[in-house]
Peer 1: 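Dropping a structure here in structure tokens format, bear with me for questions.
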Amino acid sequence: MVREAVPRPEQLVLPMFAVEGTGVRQPVDALPGVARMSPDLLADAARAAHSAGIGGVLLFGVSDRKDAQAAAAHAADGPVQQAVRAIKAAATDLVVITDVCLCAYTHHGHCGLLDDRGEVANDPSLDVLVRVAVSHADAGADVVAPSDMMDGRVGAIRAGLDAAGHEGTAIMAYSAKYASAFYGPFREAAGSAPGHGDRRGYQMDPANGREAVREVLQDVAEGADMVMVKPAATYLDVIRDVRGATDLPLAAYHVSGEYSMIKAAAGHGWLDERQAMLETITAIRRAGADIIITYAAVDAAGWLREEQP
Ligand code: PBG
């Protein structure tokens, strides 16, 4: 009767990794229970996730086609574009969100294009990001989620989507995305680790809380429909501050390293996986997140239903 923060299954979003081909399923060592899949198998998994009652899926592309311009990121037959079509055909009312970034498609693994000095070139990257977002919307994505952290990308993507006739496609902005060690397992899954340097030039310093609110408000001004804080469990204070700063739907991403820590400890018998995952998700909800992105979404939806039938 007096419980305050109870996450609902439909608030959970499952991240998925798309590769090309058919019948392909490649488990990711560093992310127990997660596999890269081809569009046909992703469609089956999305159908199962939908039956489990979760709200949506967040698609990442994994590609061998890498070059300086990230051309494969906006190819109509790219892994994400194909997966969106397959999932939309299989589970029509599941919300399909796509990650918009260049790091899995550039040979250097950075989230934007590089200039002659090897520095990330903010403005030239925007044009490519817009093309990626439009290609995802063309394939049927409901929401595009830019995670590159270039300045001005939300406004550029909004204008690009509108110009392409996709006024109805929403933008979930990775607004407060920190340069975090907890993305390690993800980079193994996506093959997107930077070949040189790190991402501190465009991702945020973990020491900065006030800057997160500034980043969020900037994305709101540029037309974001939802904002995100990432990682989640180590940034609950940031979630709370952002909650107070905007009324937009707020997503929090319980990232790969945060998930794998619990899986690894549970695998050793050191933690109760179900209790630890549910406690974490509940804490993220309590801090103020409306949407929780987690690799444990399907299991957690089942556990939540058992607890609140
Ligand atoms: C791509 C991207 C990353 C994640 C989401 N989008 C990795 C990175 O920035 O290096 C991390 C997700 C996770 O760790 O689960 N820019």
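For ligands, and for the atoms within them, numbers begin at 1 and follow the listed sequence. All of these numbers come straight from a predicted model, not from anything done at the bench.
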Peer 1: Taking ring pair (Phe, Tyr, Trp, His ring centres under 6.0 Å) as the definition, give me every residue that meets it alongside Tyr174, ordered by chain and number, with sequence neighbours left out.
Peer 2: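 Expected list: none.
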Peer 1: Salt bridge between Arg240 and Asp237, side-chain N to carboxylate O under 4.0 Å?
Peer 2: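 Salt bridge between Arg240 and Asp237, a charged N being under 4.0 Å from a carboxylate O: no.
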Peer 1: I'd like to check the side-chain contact (heavy atoms from CB on, under 4.5 Å) partners of Arg214; sequence neighbours left out, ordered by chain and number.
Peer 2: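 Checked Arg214 against side-chain contact (heavy atoms from CB on, under 4.5 Å); matches are Glu211.
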Peer 1: Applying side-chain contact (heavy atoms from CB on, under 4.5 Å), name anything that partners His196, two or more places apart in sequence or on another chain.
Peer 2: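 Only His108, His110, Leu114 meet the side-chain contact (heavy atoms from CB on, under 4.5 Å) criterion with His196.
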Peer 1: I'd like to know if the side chain of Thr98 pairs up with that of His136 as donor and acceptor (distance under 3.5 Å, no hydrogens or angles considered).
Peer 2: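 Checked: Thr98/His136 side chains pair up, N/O donor to acceptor below 3.5 Å.
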Peer 1: Might you list the protein residues in contact with ligand 1, defined as having a heavy atom under 4.0 Å from one of its atoms, sorted by chain and number?
Peer 2: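 Within 4.0 Å of ligand 1, protein side: Phe60, Asp99, Cys101, Cys103, Cys111, Ser147, Lys177, Phe182, Tyr183, Phe186, Arg187, Arg199, Gln203, Lys230, Tyr253, Val255, Ser256, Tyr295.
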Peer 1: So, Asp40 versus Thr22: side-chain donor-acceptor pair below 3.5 Å or not?
Peer 2: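 Distance-only check fails for Asp40 and Thr22.
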